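Every number for a ligand or one of its atoms is a count from 1 in the order of the listing. Note that the structure is a prediction, hence the values are computed from the model and not measured.
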Amino acid sequence: MSTLLERIHSRAAVVGIIGQGYVGLPLALVFEAAGFCVLGFDVDPLKVEALNRGESYIKHIGSERVAAAGGRGRVTAPADIDRRRDCDAVLICVPTPLGRHREPDLSYIQSTAREIARRLRPGQLVVLESTTYPGTTEEEVLPVLASTGLGCPEDFLLAFSPEREDPGNARFSTRTIPKVVGGVNPASTEAAVALYGTAVERVVPVTSARVAESCKLLENVYRSINIALVNELKMTFDRMGIDIWEVIEAAKTKPFGFTPFYPGPGLGGHCIPLDPFYLSWKAAEHGIWTRFIELAGEINTSMPRWVVQKVMHALNEEGKSARAARILVLGLSYKEDIDDDRESPSYEIIELLQEVGARVDYCDPYFPVARPGRKHDIGLRSVACSAEVFATYDALVVATAHARFKDPALYRRVPLVVDTRNIVREHPEGPRRLVKA
Ligand SMILES: NC(=O)c1ccc[n+]([C@@H]2O[C@H](COP(=O)([O-])OP(=O)(O)OC[C@H]3O[C@@H](n4cnc5c(N)ncnc54)[C@H](O)[C@@H]3O)[C@@H](O)[C@H]2O)c1
């Protein structure tokens, strides 16, 4: 343990990061910037090759940062999995999706734990970063590592530290976002705190891995429930002829006790639509029904259907039917100005519109071609983002608030815009009709 701490403080420690996605890649870059040699592992050979060429496959991270780190010679992406033995610290950033019945899919964590166990050596620190239910580190990872005959904390150390990424946020970065850390024992917490303390501005130790796991879920459940609340209020106020966006702007002026959340076409990304159900699944084991989580899930997942209803109703008022109407959905990304379309509600909106017979296209400069995902494969290519193209559609549905879509000139000759993000303004030249949804 003292050797590990010395190696951390002297930057002689080698940091291995398993999973070089939206979480693992920026983490690799902050440890490199802190002076460590970093090995970035991924099962996707395209990512490994790109990293070794000094290229980023995530737009908001940028190839300059990856190239600069690669140029200093401290970051590599080894194809050889046995290089994990060279690592003093191994950080796990693999996916934690839901299964078909909304049950946690821990298969990535479990297989990664087995791969680490095969190469585990005394003196290593292992940290799980993937979002998961309380107890995963102790119940799923610890027994696999301990099955090698090595013990924690005498031989290896094990902790949980949740990632808090906000892709595209210019105010906060991996280095400046405080990092919560909880070990399965005090020695593990101490080692993990020492490691992260070299690379991020503030480390927040907690008493156990379970508290750290729960902290991440509290943060994500909080968002999911508050978004569901404004989505419910959006539907309520809509029926009353009141604009929820104006209401939120007014409420925001209260200087205390109010945090604004915004409605939308449904949840997206790898966190908020999925993580709360990790907790509800685990809670059931303890005889608890997490009703807030379920209710928020029900409201948020019904949003694409509500948006499609609004589109059909608006077309109807124009004397048109959704069947055979030409509809353009703006945005595949789940969030503005990033190239992440995981769990994006746009796909469901497109499919629901197709189900009622509409001829649907999409426009998203971040996705020239729609790639097949876990649940959807729409097989479409983006149309050009121009007023001429937009004017050829019966209706536009704004699903993502990309900066590019905020140009009023784009909507001048459009007959109908259904805006789920409140970015299109009334203008004498068009759109002819604007509906908020
Ligand atoms: N994306 C976010 O904003 C965010 C924020 C906070 C937490 N998280 C959590 O972090 C975890 C990772 O999320 P992400 O967004 O980085 O996912 P991602 O899909 O972008 O990245 C995961 C990477 O792991 C790789 N991988 C899978 N199995 C592997 C294995 N056995 N060995 C090596 N590599 C493997 C995949 O190829 C992929 O590149 C999830 O648990 C997620 O909930 C994500």
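From the protein, the heavy atom lying nearest to atom 17 (O) of ligand 1 is R342 NH1, 3.2 Å. For atom 24 (O) of ligand 1, the closest non-hydrogen atom on the protein side is G19 CA, 3.3 Å. Here the protein heavy atom with the shortest distance to atom 30 (C) of ligand 1 is V43 CG1, 3.5 Å. Nearest protein heavy-atom contact of atom 41 (O) of ligand 1 is T96 OG1, 2.5 Å. T131 OG1, 3.3 Å is the protein heavy atom nearest to atom 43 (O) of ligand 1. Annotation: atom 27 (C) of ligand 1 to nearest protein heavy atom, P95 CD, 3.6 Å. Shortest contact from atom 37 (O) of ligand 1 to any protein heavy atom: D42 OD1, 2.6 Å. For atom 13 (O) of ligand 1, the closest heavy atom belonging to the protein is H270 CD2, 3.7 Å.
Contact annotation: for V23 versus ligand 1, heavy atoms closer than 4.0 Å belong to both the backbone and the side chain. If you look at P162 next to ligand 1, there are no close heavy atoms at all, none under 4.0 Å. Contact annotation: for Y108 versus ligand 1, heavy atoms closer than 4.0 Å belong to the side chain alone. Using a 4.0 Å cut-off between heavy atoms, C93 contacts ligand 1 through its backbone alone, with no side-chain atom that close.
We find that E285 and K282 are joined by a salt bridge, their nearest charged nitrogen and carboxylate oxygen being less than 4.0 Å apart. R83 and D80 are not joined by a salt bridge, as no carboxylate oxygen comes within less than 4.0 angstrom of a charged side-chain nitrogen. With respect to K216 and E163, no salt bridge is recorded, no charged nitrogen being found less than 4.0 Å from a carboxylate O. Ion pairing of D88 with R121 is present here, as a side-chain N (NZ or NE/NH1/NH2) and a carboxylate O approach within less than 4.0 Å.
Ring orientation note: the planes of F31 and Y196 are tilted relative to one another, at an angle of 30° to 60°.
On a distance-only criterion, D44 and ligand 1 share no N/O pair closer than 3.5 Å.
Side-chain N/O atoms of T174 and E165 include a donor and acceptor closer than 3.5 Å.
Those atoms of ligand 1 that come under 4.0 Å of a heavy atom in E165, given as number and element, are 3 (O), 5 (C). Listed by number with element, the atoms of ligand 1 under 4.0 Å from a non-hydrogen atom of K47 are 38 (C), 39 (O).
Figure legend: K252 and F258 shown without cation-pi pairing, the cationic atom not lying both under 6.0 angstrom from the six-membered ring centre and within 45 degrees of its axis.
Side-chain rings of Y347 and Y334 stay apart, their centers remaining 6.0 Å or farther from each other. H270 has its ring centre no less than 6.0 Å from the ring centre of Y22.
Considering I338, I17, I18 only, the shortest heavy-atom separation from atom 33 (C) of ligand 1 involves I18. When T112, D166, L27 are ranked by how near their heavy atoms come to atom 31 (N) of ligand 1, first place goes to T112.
With contacts defined as side-chain heavy-atom distances shorter than 4.5 Å, the pair L158/V141 qualifies.
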Should R102 and E294 be marked as a salt bridge (charged side-chain N to carboxylate O under 4.0 Å, His left out) after you check the CA-CA gap, both sets of side-chain angles, and the distance that decides it? CA-CA 11 Å; R102 257 185 22 203; E294 293 297 332; 2.8 Å; yes

